[in-house]
Peer 1: 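This structure is in structure tokens; I'll ask about it shortly.
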Amino acid sequence: MTLDKDFFARSVHDVAPDLIGITLLVDGVGGPIVEVEAYDHEDPAAHGYGGRTERNATMFGPPGRAYVYRSYGLHWCLNFVCEEEGSASAVLIRALEPAHGLDAMRERRGLDDSRLLCAGPGRLCQALGITRALDGLALDEPPFEVLARETEPKIAVGPRIGITKAMEQPWRYGLAGSRYLSRPMRSV
DNA sequence: CAGTGGATGCTCT
DNA sequence: GAGCATCCACTGT
């Protein structure tokens, strides 16, 4: 079942854990999401914190769309916009389990090891072919497919990665025990 | 395994 | 001009 806009039109802190185990495909390439992070409007670590700019304009738009930005000059990062228009909240997709289109992923990444194909936001975007060209596109329309999960996953929680502000917030969610995480979750 | 540093480009002050 | 929501290769134990 494809998830529509209503799924994303909720608090980013409810949507983020609900995304674990959901399948993300871009042109048929992807798999179940195993790691995400939540960023809300009051969050000094979030792009929307300082107000609307050209780069983060999509974050201020309606929910259920992709927000894609360039990171450290050479990587792309994918977010799902949440809540209502103007709230500037989004979930960063950090890792997924490669399940569909492994050959395409291996070719784009130039590696064989399935464990490293999508274990990190930059790697995931490279493996799925995500660039700024997809920024602002709706997640329930091609090339995206976002499919509901079939079983309830066990979710681990911890601090976010790679930020210098609001580091104490436990807004990183992962599939407990997954070997496809960008880094292990802190043990319970 | 831990730590370090380079690549690289865009955004915002 | 500083500062990144990163990744990879390299060093040293």
Side-chain angles (χ1 to χ4, degrees), chain A residues 8 11-13 15-20 22 24 26 30 33-61 63 65-83 87-98 104-136 139 155-175 178-187:
Chain A
F8 297 100
S11 164
V12 71
H13 299 294
V15 175
D18 284 353
L19 281 170
I20 300 299
I22 274 173
L24 165 67
V26 179
I33 293 170
V34 299
E35 182 182 342
V36 300
E37 287 176 0
Y39 289 85
D40 74 39
H41 186 44
E42 316 247 301
D43 179 0
H47 287 177
Y49 183 69
R52 181 182 183 131
T53 65
E54 189 172 345
R55 174 180 68 157
N56 65 25
T58 299
M59 274 188 97
F60 287 80
R65 295 197 184 177
Y67 165 49
V68 181
Y69 68 93
R70 198 188 274 285
S71 168
Y72 290 93
L74 57 163
H75 303 288
W76 298 102
C77 289
L78 171 67
N79 294 252
F80 292 168
V81 178
C82 294
E83 301 185 9
S87 68
S89 67
V91 179
L92 171 67
I93 310 302
R94 289 193 54 89
L96 61 75
E97 174 182 337
M105 293 187 196
R106 290 197 172 103
E107 184 170 344
R108 287 170 179 151
R109 295 271 299 121
L111 306 161
D112 282 340
D113 188 349
S114 67
R115 191 166 172 153
L116 296 176
L117 288 176
C118 300
R123 292 163 170 171
L124 185 153
C125 284
Q126 188 182 17
L128 271 57
I130 293 167
T131 69
R132 189 101 221 236
L134 302 185
D135 181 54
L139 295 168
I155 296 175
V157 180
R160 295 176 293 180
I161 292 178
I163 55 174
T164 57
K165 300 167 202 156
M167 298 174 59
E168 70 288 354
Q169 300 291 356
W171 290 341
R172 176 179 180 233
Y173 301 94
L175 176 61
S178 171
R179 53 193 287 263
Y180 298 101
L181 299 169
S182 67
R183 292 174 48 177
M185 302 298 295
R186 204 186 89 205
S187 58

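Below, read A as the first sequence line, B as the second, and so on, with proteins coming before strands; counting in each chain starts at 1.
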Peer 1: Just by protein heavy atoms under 4.0 Å, how would nucleotides 6-13 of chain C read 5' to 3' in B, S and -?
Peer 2: BSS-----
Peer 1: Counting Watson-Crick and G-U wobble pairs whose two distances are both under 3.5 Å, find the runs of 3 or more in a row that involve DNA chain C.
Peer 2: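 So the stems come out as B:1-7 with C:6-12, B:9-12 with C:1-4.
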Peer 1: OP1 or OP2 of C:dC4 sitting under 4.0 Å from any side-chain N/O of A:Thr164?
Peer 2: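 Checking A:Thr164 against C:dC4: at least one side-chain N or O falls below 4.0 Å of OP1 or OP2.
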Peer 1: For A:Asn56 and C:dC4, give me the distance from atom CG to atom P, rounded to whole Å.
Peer 2: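 Nearest whole value for this atom pair: 16 Å.
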Peer 1: Round to a whole Å and report the spacing from CD of A:Glu35 to C1' of C:dA5.
Peer 2: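 After rounding, the reported distance stands at 12 Å.
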Peer 1: Rounded to whole Å, how long is the line connecting atom CH2 of A:Trp76 with atom C1' of B:dT11?
Peer 2: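 For the pair A:Trp76 CH2 and B:dT11 C1', the rounded distance is 13 Å.
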Peer 1: NZ of A:Lys165 versus P of C:dA2: gap in Å, rounded?
Peer 2: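 Answer to the nearest Å: 16 Å.
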Peer 1: Quick one: do the A:Glu97 and A:Ser178 side chains pair a donor with an acceptor below 3.5 Å?
Peer 2: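 Result is no, nothing qualifies.
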Peer 1: Evaluate A:Trp76 against A:Arg70 for side-chain contact (heavy atoms from CB on, under 4.5 Å), listing each step before the verdict.
Peer 2: CA-CA 5 Å; A:Trp76 298 102; A:Arg70 198 188 274 285; 3.3 Å; yes
Peer 1: A:Arg55 has an atom CZ; how far is it from atom C1' of C:dC4, in whole Å?
Peer 2: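 Result: 8 Å.
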Peer 1: Nearest-Å distance, CZ (A:Arg52) to C1' (B:dT11)?
Peer 2: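 Result: 16 Å.
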Peer 1: To the nearest Å, give me how far apart CZ (A:Arg70) and C1' (B:dA7) are.
Peer 2: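 My rounded result for the distance is 12 Å.
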Peer 1: Whether the A:Gln126 and A:Arg108 side chains hold a donor-acceptor pair (N or O, under 3.5 Å, no angle test) is what I'd like checked.
Peer 2: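 The criterion, which ignores hydrogens and geometry beyond distance, is not satisfied for A:Arg108 and A:Gln126.
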Peer 1: Using 30° and 60° as the class limits, which term best fits the ring planes of A:Phe60 and A:His41: parallel, tilted or perpendicular?
Peer 2: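 Plane angle over 60°, so perpendicular.
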Peer 1: Looking across every strand, which nucleic acid part, if any, lies under 4.0 Å from A:Asn79 by heavy atom: base, sugar-phosphate, or nothing?
Peer 2: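 Here A:Asn79 touches the bases of the nucleic acid.
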Peer 1: Is the side chain of A:Arg109 donor-acceptor paired with the backbone N or O of A:Leu116 at a distance under 3.5 Å, no angle test?
Peer 2: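 Side chain of A:Arg109 to backbone of A:Leu116: a pair is present.
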